Amino acid sequence: MGSHALEKLRAAVRDVPDFPKKGILFKDITPVLNDPILFRASIDLFLERCRGKRIDKIVGIDARGFLFGSTVAYELGVGFVPIRKRGKLPYKTEIAKYSLEYGEAEMEMHVDAVMAGECVVLVDDLLATGGTSAAAAVLIRKAGGHLLEAQFLIELEFLHGRKQLEPTPVTSFLKY
Ligand code: AMP
């Protein structure tokens, strides 16, 4: 994808100060979803990175990872797996804890969502501290899945989230 398309995507991501709480500069991707050309361009970025890989499933993180991840899975013709915040998934789950700025949170995945030996790619809208996606990586590995790569539309590089994901390769398209 050309740098022109990337710049258009970057320009469309809206900064919302002090959301959901004071001091957080929220990167709002809804203007990207709202524009059919930009939405397609964002999905194409993920698809280009997936080309040539043997992928059995795309795993998306609650909630904006579902928007990008499920569309990517549809285009690739592979299954989609949601990883959700604790208490949202109806069937038997595995749970992974991770730390937040204050306290802890938990992510869950259905026990039969990823099978041993399956190759999966993790998708989310944004990599910040990496806590959420590191918890997702734990769940994928617990299930016996091979996590080929974690892909994010946006990376907040100053938070060094990709360190949390080591040794998983991390790809992001818009870096801040
Ligand atoms: P983290 O676990 O710190 O990497 O946080 C990643 C998750 O929180 C992703 O699912 C993001 O959607 C969300 N998130 C964290 N920080 C921001 C931010 N500044 N703007 C938008 N979403 C964020």
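One-based numbering along the sequence shown. Keep in mind that what you see is a predicted model, and the values were worked out from it rather than measured. Whatever order the structure lists ligands and atoms in, that order sets their numbers, starting from 1.
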What protein heavy atom lies closest to [atom]? Include the residue and the distance to one decimal.
atom                    : answer
atom 4 (O) of ligand 1  : Gly130 N, 2.7 Å
atom 20 (N) of ligand 1 : Lys27 N, 2.9 Å
atom 17 (C) of ligand 1 : Leu126 CD2, 3.5 Å
atom 13 (C) of ligand 1 : Arg64 NH2, 3.7 Å

Considering the heavy atoms of [X], write down every atom of ligand 1 situated less than 4.0 Å from one of them.
X      : answer
Thr129 : 1 (P), 2 (O), 3 (O), 4 (O)
Leu156 : 19 (N)
Asp125 : 9 (C), 10 (O), 11 (C), 12 (O)

Row check, Tyr176 ring normal vs Lys27 NZ/CZ: under 6.0 Å, within 45°: yes
Backbone N/O of Glu118 and side chain of His146: donor-acceptor pair under 3.5 Å: no
Given 3.5 Å as the limit, does a donor-acceptor pair link the side chain of Asp62 with the main chain of Lys85, or not? yes
Given that the side chain starts at C-beta and the backbone is N, CA, C, O, which of these parts of Leu25 lies under 4.0 Å from ligand 1, counting heavy atoms, or is it both or neither? backbone
Answer yes if a protein heavy atom lies under 4.0 Å from atom 8 (O) of ligand 1, otherwise answer no. no
Taking the side chain as every heavy atom from C-beta outward, state whether Leu127 and Ile154 have any pair of such atoms under 4.5 Å apart. no
His110 and Tyr91 aromatic ring geometry - parallel, tilted or perpendicular at 30°/60° bounds: perpendicular
Please indicate whether Tyr74 has more than 12 foreign heavy atoms, meaning atoms of other residues, nucleotides or ligands, lying under 6.0 Å from its OH. no
For atom 5 (O) of ligand 1, the option (of Thr132, Asp62, Asp124) bearing the nearest heavy atom: Thr132
